[in-house]
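Right, one structure below, let's go through it.
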Amino acid sequence: MSENTFPVYTADAIVNFYRTEVLTGQEAKHFTKSDLTPAPKPESVQTLYMRVLHLLYRFRPECHSMVPLLENIQYPVYHEGATTITSVYVRMRQFLPMCLVYDFSLNDLLAPKKQRTLTVLSAIMNFLHFRKQRMDMTLEKQAKFRADLDRLQIYNKGTLEAEKKIEMLTTIPPEQQAEADELVAALSELQATTAHEYQDVNAKNDSIAEWKTKIAEKTQKLAQVKVDVSNLKEDIGKLKSQIVESPEELKSQMEKMRENVKNIKTSIEGTDGCVVELQGMVQNVTHTEAEIQQMFNLLQDLESSMNNTKQRQEEHHELTAQYEKKQKELKNLCIEEGQLKRAQAMKLDKESKQNIRRQKRKEMKEQHVQEVLGQCNQIHQKREEMADKIQEISRETQQLKAKIQSLRDVCSKETEKAQALYDTLSTSMDELHRRIETHTADLKRDVTKMSANF
């Protein structure tokens, strides 16, 4: 006990703890510090140990006085005083190793010492604190387990409702099946037509891009022609200023100028034709742009419908993902439920085994108690018989005492009579002795006289 693994509390703390946690009623009121210090009272210490055993093992204090009398003992009444002490001692020897106290002895019950008693009570107090803490933890785990079971039931209900919603969303009613098939066929046709129109639009866009490049080239050429015409006009102005009077040169220059004008006219006519063609092409392009705008509007409508379908598909995918997630959670919860069920089954098996053992122990204890009660009844009958015998013996002793008293009275009377006779005899004997002495004295005198005469 010199090296303890638990704290040794003060007497005040021990008294307060045992008054609030162990003792009840009048025992808690009457239990004070004077019961432990300076000299512990054996009755108070024994009561504390009995209440601790009752708190932990439901072993009532009155059960300590019941001892199975399997053999016929000559005087069982003499054993009643020691049964309670031995029972408490045996139970405490079995219990205190759990509190890390291994050297409990009978002196701790019959003649307890202060420090020793405080140490044992501190060990029990530490064990009760540990027991209360563990009970709180088990209660918390039990509450958590019940909350998990409730949550599992809620999750199961949620998964069932989600499965029902997914089935409702995925399954098409039979009255709408034909309409759904028509919508699917129309959607496939629309997708095909939109793909074909996309190809046409792309081809037209390519052709428009080519015509735009051609128009840009023609406009560049037209600008170049205009620049050339302005240059030619400048050259004509210069040439007019440098006109010579020779007709041959004038004719040659005029012919050159005419050829240049013809070339310019042909180029202008070609450009006009190109411009007309370009205007027609532009009109065609505007017409195609209007058609493309209509197709674009149709494509926007189709895109909105496709977006709606995509949103529905995304919702469907989200629902399927949630369903898979819920399925995984359900599987995990099912695994946890299986584990918890196995743990609960093991606990129930243990509890059932413990209940069976407790029932057997209870039956054995009841049978034992019945046997003890039967033996107690026999003992009480024997007690009554012994009491009757003792009463008869006491009556006989009283009668004997009365006879002895009467005999004593008679004896006292006889002794008084004998004493009186003795007194009379002694007085008569004294007189006889005196007479004999006087007679002997007379005879001696006569003898002396006779001797003197002879």
Side-chain angles (χ1 to χ4, degrees), residues 30 34-47 61-62 64-90 105-114 116-117 371-454:
H30 295 299
S34 61
D35 294 330
L36 299 178
T37 55
K41 295 179 182 178
E43 295 83 4
S44 302
V45 175
Q46 292 169 12
T47 304
E62 58 267 19
H64 292 285
S65 60
M66 295 182 182
V67 177
L69 300 175
L70 300 177
E71 296 180 0
N72 291 323
I73 301 173
Q74 188 173 3
Y75 295 105
V77 181
Y78 298 154
H79 296 273
E80 290 181 355
T83 53
T84 304
I85 303 298
T86 54
S87 177
V88 173
Y89 172 68
V90 170
S105 62
L106 272 174
N107 287 327
D108 297 328
L109 286 174
L110 299 175
K113 295 180 181 179
K114 176 185 174 182
R116 175 76 175 176
T117 305
E371 291 177 356
V372 169
L373 290 174
Q375 292 174 0
C376 289
N377 291 326
Q378 292 178 1
I379 291 167
H380 285 299
Q381 289 177 0
K382 289 181 181 179
R383 278 184 182 176
E384 290 177 355
E385 291 177 358
M386 291 296 292
D388 295 334
K389 289 181 181 179
I390 289 166
Q391 287 179 359
E392 289 178 358
I393 291 167
S394 63
R395 285 196 296 271
E396 289 177 357
T397 52
Q398 286 178 0
Q399 290 176 1
L400 288 171
K401 284 180 181 179
K403 289 181 181 179
I404 289 166
Q405 188 66 32
S406 62
L407 289 172
R408 281 180 181 175
D409 294 335
V410 172
C411 287
S412 62
K413 290 179 182 179
E414 293 292 331
T415 51
E416 288 177 357
K417 290 180 180 180
Q419 188 69 34
L421 289 172
Y422 178 75
D423 293 334
T424 55
L425 286 172
S426 62
T427 53
S428 62
M429 287 295 291
D430 291 333
E431 290 178 357
L432 179 62
H433 284 300
R434 284 194 299 270
R435 287 177 184 177
I436 291 168
E437 286 177 357
T438 57
H439 188 66
T440 52
D442 291 337
L443 286 173
K444 283 179 180 181
R445 283 194 300 271
D446 290 337
V447 168
T448 54
K449 287 178 179 180
M450 288 177 68
S451 63
N453 290 322
F454 285 112

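The figures that follow rest on heavy atoms only: side chains count, while hydrogens, waters and symmetry mates do not. Note that the structure is a prediction, hence the values are computed from the model and not measured.
Results of the side-chain contact (heavy atoms from CB on, under 4.5 Å) test with Val410 over Lys413, Arg408, Glu414 single out Glu414 as the only residue that passes.
Atom CD1 of Ile404 sits about 12.0 Å away from atom CG of Asp409, to the nearest 0.5 Å. Interatomic distance, His433 NE2 to Glu437 CD, rounded to the nearest 0.5 Å: 8.0 Å. Here the CD-CD distance, from Gln398 to Gln405, works out to 13.0 Å after rounding to the nearest 0.5 Å. Once rounded to the nearest 0.5 Å, the distance linking CD of Gln381 with CG of Asp388 reads 11.5 Å. In this structure, the separation between CD1 on Ile436 and OG1 on Thr440 is 8.0 Å, given to the nearest 0.5 Å. Remark: Lys403 NZ to Glu396 CD distance equals 9.5 Å, nearest 0.5 Å.
In terms of modelled atom types and a separation under 3.5 Å, the side chain of Gln46 and the main chain of Leu109 share a donor-acceptor contact. Distance alone, capped at 3.5 Å, places no donor-acceptor pair between the Ser87 side chain and the Thr84 backbone.
No side-chain heavy atom of Pro42 sits under 4.5 Å from any side-chain heavy atom of Val45.
Of all heavy-atom pairs spanning Pro112 and Thr117, the tightest one is CB-OG1, 3.4 Å. Pro38 and Lys114 make their closest contact through O-CB, 3.7 Å (heavy atoms, listed as atom of the first residue, atom of the second, distance).
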